[in-house]
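Inspection log for the structure reproduced underneath, given as structure tokens.
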Amino acid sequence: MPTALQACRIHPLLAQAQAFTAAYRSHRDAHPAQRELACLREQYPALMGPIGSDDVFAGARAEHRICYVGTMWFTHLAAGAGAAKQGGYCFDFAADQRYDWSVEERAIYGELSRFWETEYTCAKTAAALDPRLEAFTHQHGQVRGGAGCGFCIALDMDRLLRRGLPGLREDIRVRRQRATADETPFLAALEGLLDLILDVGSHYRREVRDRVASCVDEAERLRLLRIDQSLGHIAEQAPETLHQAMQLLWLYSILAGGLHIEAWRIDVALGDFFARDIDTGRLSEEQATAMVHGLWRMWQANGDPAVCRMTIGGRGRRNEKAADRFCLAAMEATRRHCNRIPQLSLRFHQDQDPELMRKAFSVIGEGCVFPVLYNDDAILPGVERALHVDARSAEAYHPLGCGEYMLGNQSPSLLNFVWSVPKTLDAALRGGRDAEGNVLGPQESAINDQGTSAEIAARIDRQAAMAADILAAGHRSHVQVLGQECAFLFASLLSDDCLERGRSLLDGGVRHVGACVMGHGFTNAGDALHAIQELVLRQRRYRFSEILPALADDFAHARQLRQDLRAVAKFGNDVAEVDQVVNELWCRLSRHCDQAGRRHGLDFFTLSSVNPGGYAMGENCGATADGRLAGEPFAIGNAPTAGNDRCGLSALLTSLARIDAANGGSVSNIKLARSLFAENRAKLECLFAVYWRLGGIQANISVVDQDELIDAMAHPERYPHLLVRLGGWTARFVQLERRQQEEIIRRSCY
Amino acid sequence: MSAITGTVLAIERCSLHDGPGIRSTVFLKGCPLSCLWCHNPESQCFHSELSFLDERCRRCGICVTTCTQGVHRIIDGVHHLDREACLRCGACVEACPHQALELKGRSMSVAMVLEEVGKDRAYYAASQGGMTISGGEPTAQYDFCRALLQAAQTEGIHCCLETSAYAPQQRLLDLCDLVDLFLIDWKESDPQLHRRWTGVAQQPIAENLLALDAAGARMLLRCPIVPGLNDRDDHFSGIAALANRLNHVVGIEIMPYHPLGASKARSIGRDYPLLDLDFASREQADAWRRRLAQESECEILGLER
């Protein structure tokens, strides 16, 4: 422990890191839950920031941190390995670059770094990985990742608010009465966690009182006093008002997550408070909505855009009417807020109050991007099959930002590997290597000119089976190490069935332990596979022995081949045959993941088709048989390759809806011009209503204004489906002549 | 189903502006009119045509070597086309690596068109949409147009026919039972100017509208308004008077001029007479709608009240 004198001479964050590290060292051999609690006591309230001038609630993250224990933090790995999702005990190995520290401070930081280099949890998960991973998860491989070990989890905020802190303490006390000796340290640590939350509350109450004493602005004084009253109330009772409920929810969220603030079913948790406060006249509808907006601002000020998701709506809500009222206010808050955090997602189903969808379209139409829409009618049966849970449990799904499925308060979402699907096809055709000779999977001879469709499938199976096995093993070892090292107390307290089982989250506590691989390039690989089936196997116009060298050569001497490959029907045009090839490829790879997950003891192991990374992953991938050149980006998520969908929005939606919901989830980005949205709202709603009925999973709809139209001229690949209205007709913007595009941009009326 | 084939310029799925609901619009090639402002000049000619987009051409010369008729020549970095010599075989289109060439118009059977149109049946049902046949002047391919309408009706698909109504009267009347809504392009109220803008007489069109109305045909008047040509007070009065006189006009839609026909005309080697004209502004279009509303008893689409 640093002395008081030392502490005041060195940077406070460094002093905190020292104290944190000392707590860790002195509890090195203690039970993981006790060690974590000791560290958390050095983490909070030390790492909490002051109440901001607009904050409606107490609880803010300090701008930086060096040491941290929690489920996820994006920061730098040791040995200059770049930033990654650290989980468990995290250390920022680039923190010294931020500060102009003294020699003495640098020496302290150097000593801390050396200690954590082998002790931070990512080092331990990395050391435990299957040795095959190193051989196959390289930059050019089918699969990549494993450096980070952080994970997302959505907690049971409904339980938090209904029980309150005293109720949770009572639950722990009751459970402790029948605890075995090996359960007691964990349960005792949970009680300690509640004390810590109270300490943080007291810390903020002191801050409030200090500020109130010197406050001259009456409105400011009232704002601070309300925070004080709510903190005082929730310390002793379950929340009764909306403000108290939000204060508790927010404080727990920021303590549990830091940058990563996931909120599952916030409408259920807050709906009753919202409705009651309005119905009893405590708050007007406007005041309540403004308070929701205030909560959104807290999210924005403290969270990271990649990991701040909120879901509302959907089947299986205990208080649907009140929750729906909150949903409308939540969407209104998003409309006013119009920011990328929090990422609001609306789950919906055919029996849901249609007013929610109408409100969603209004908010989206104003250019807010949110809510992202998720179709329960398609997704719930898919989740049942993909996650091997019953219908009731499936209702608890929570889509992450790219649509990956996880189960709210029943499973963490480990997402630490990516899969480049075109690479798998390449490996299948070339016998486990790419054209440059990089090893991608099991070695065999390349396909010869007698190759058949069945043989391609068998080859894909062999390559994918190995890739899936490596990834499942990787995730399993992550889970094991994380479970040994950390109790994840905040997550454990509000996840089924940690308390009941007396076990921490990843030490047998949480109900389902599953993982998801982020897949990229399904469309390119599926289109490529279909083009090969068409030109090589059906029409017999080309042979494998012509195609493989041409791809290796990036079509440098095979212009005609490339053109012929491009001319074959592509995904996104309502051509059932090719849409099915894309879908079956995804399902095939998902089956391998599922089987590998079971082999390695995961409750589920899925493969999603997701958003980011499509550009970067394309850079490391050679030419593909859909006509894509080496290095070109992959199509993003569940979408056609830019410019390949030529049959209009209805055809596109019909194709998208052919993708099975029983994989790992997907995103479908659709961009529409603002004017089109405004003038044809009813028809657009109809279009999407049919899409949902056909089984469409998800839609990420954004409306585009003038600046983005200019961007679309420069980067047409980002706006493949952008529709604009021209006089009396609708056109795809990127297909217009340059002069026409300029006219449209110049004329804001269209 | 009928074995008749037609020359189809394009089938646009998910059209949101050619009649009620979500529609598929089938553009038939060929038109007896030659409107100065035509925004679809490639639909005027009855046979297929070679379209060339200069900005896409990289002067690689592949079309030059592919064409057996010597249609393409590249001289001093300029791509010249001898369209007279073109057999419209499509060989150069297939060979062009830069998608600079396209054959506009292809022969399709009724069944082929209907297969495409039928794909969006679910969207039609949800939105009270359907198929719109447009052009060109669709009634100029009369047998095909009729067969297509018949087939669509048999399949229960709602049908709009977008027409200038410049056609033999009996033919139009014979289509009444097959068309749920006529989209009538009423271009000019002054008979002399009508001939000047469109190249044909207005009188048969006016008579046809009276006959269609007498037969109970539902009509939407769609009026292209071109600044400097027909944005005149007397024309707006003329439109209103016509609509007031007819019993089955369900509404009037102003179609503000846009100059996008110019580049299309260029691509098929045609002159476009209105090169100096700009987009009509939203304010201008709103003013036209308000002007029309002063005298019209019919609903004016898009009128902001």
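Chain A is the first sequence line, chain B the second, and so forth, proteins listed ahead of strands; every chain is numbered from 1. Please read all numbers here as calculations on a predicted model, not as lab measurements.
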Output the distance between atom [atom1] ([X]) and atom [atom2] ([Y]), rounded to the nearest 0.5 Å.
X: B:R13; Y: A:N573; atom1: CZ; atom2: CG; result: 8.5 Å
X: A:D574; Y: B:C14; atom1: CG; atom2: SG; result: 11.5 Å
X: A:S650; Y: B:E12; atom1: OG; atom2: CD; result: 10.5 Å
X: A:E685; Y: B:S127; atom1: CD; atom2: OG; result: 12.5 Å
X: B:I22; Y: A:N680; atom1: CD1; atom2: CG; result: 9.5 Å
X: A:Q560; Y: B:E94; atom1: CD; atom2: CD; result: 7.0 Å

Crowded around [X] [atom1]? As in, over 12 foreign heavy atoms under 6.0 Å?
X: A:E355; atom1: CD; value: yes
X: A:R559; atom1: CZ; value: yes
X: B:D271; atom1: CG; value: no
X: B:R270; atom1: CZ; value: yes

Side chain, backbone, both or neither of [X] within contact of chain B (heavy atoms, under 4.5 Å):
X: A:L653; value: both
X: A:A689; value: neither
X: A:R562; value: neither

Which portion of [X] sits near chain A, non-hydrogen atoms under 4.5 angstrom:
X: B:P224; value: neither
X: B:I254; value: neither
X: B:L53; value: side chain
X: B:A95; value: backbone

Interface residue of largest heavy-atom contact number with chain B, from A:D564, A:L687, A:T654, under 4.5 Å:
A:L687
Side chains of B:Y123 and A:L694: does their closest heavy-atom pair fall under 4.5 Å?
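When only atoms from C-beta onward are counted, A:L694 and B:Y123 do touch, with a gap below 4.5 Å.
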Between A:K683 and B:R23, is any pair of side-chain heavy atoms under 4.5 Å apart?
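No, too far: nothing below the 4.5 Å cut-off.
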Who wins among B:Q99, B:R56, B:K119, B:E116 for the most heavy-atom pairs under 4.5 Å with chain A?
B:K119
Based on non-hydrogen pairs under 4.5 Å, which of B:S267, B:C96, B:S24, B:P20 is most in contact with chain A?
B:C96
Sequence-distant partners of A:E534, side chain to side chain contact (heavy atoms under 4.5 Å, CB included), two or more places apart:
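In terms of side chain to side chain contact (heavy atoms under 4.5 Å, CB included), with neighbours along the sequence ignored, A:E534 is linked to A:H530, A:R538, A:Q539, A:V568, A:E577.
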What pair of heavy atoms forms the shortest contact from A:R693 to B:A122, and how long is it?
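What the structure gives for the nearest pair is NH2-O, 4.3 Å.
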Residues that B:H79 engages under ring-ring contact (aromatic ring centres under 6.0 Å, His included), provided they are two or more places apart:
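For B:H79, the residues satisfying ring-ring contact (aromatic ring centres under 6.0 Å, His included) (neighbours in sequence not counted) are B:F52, B:H72.
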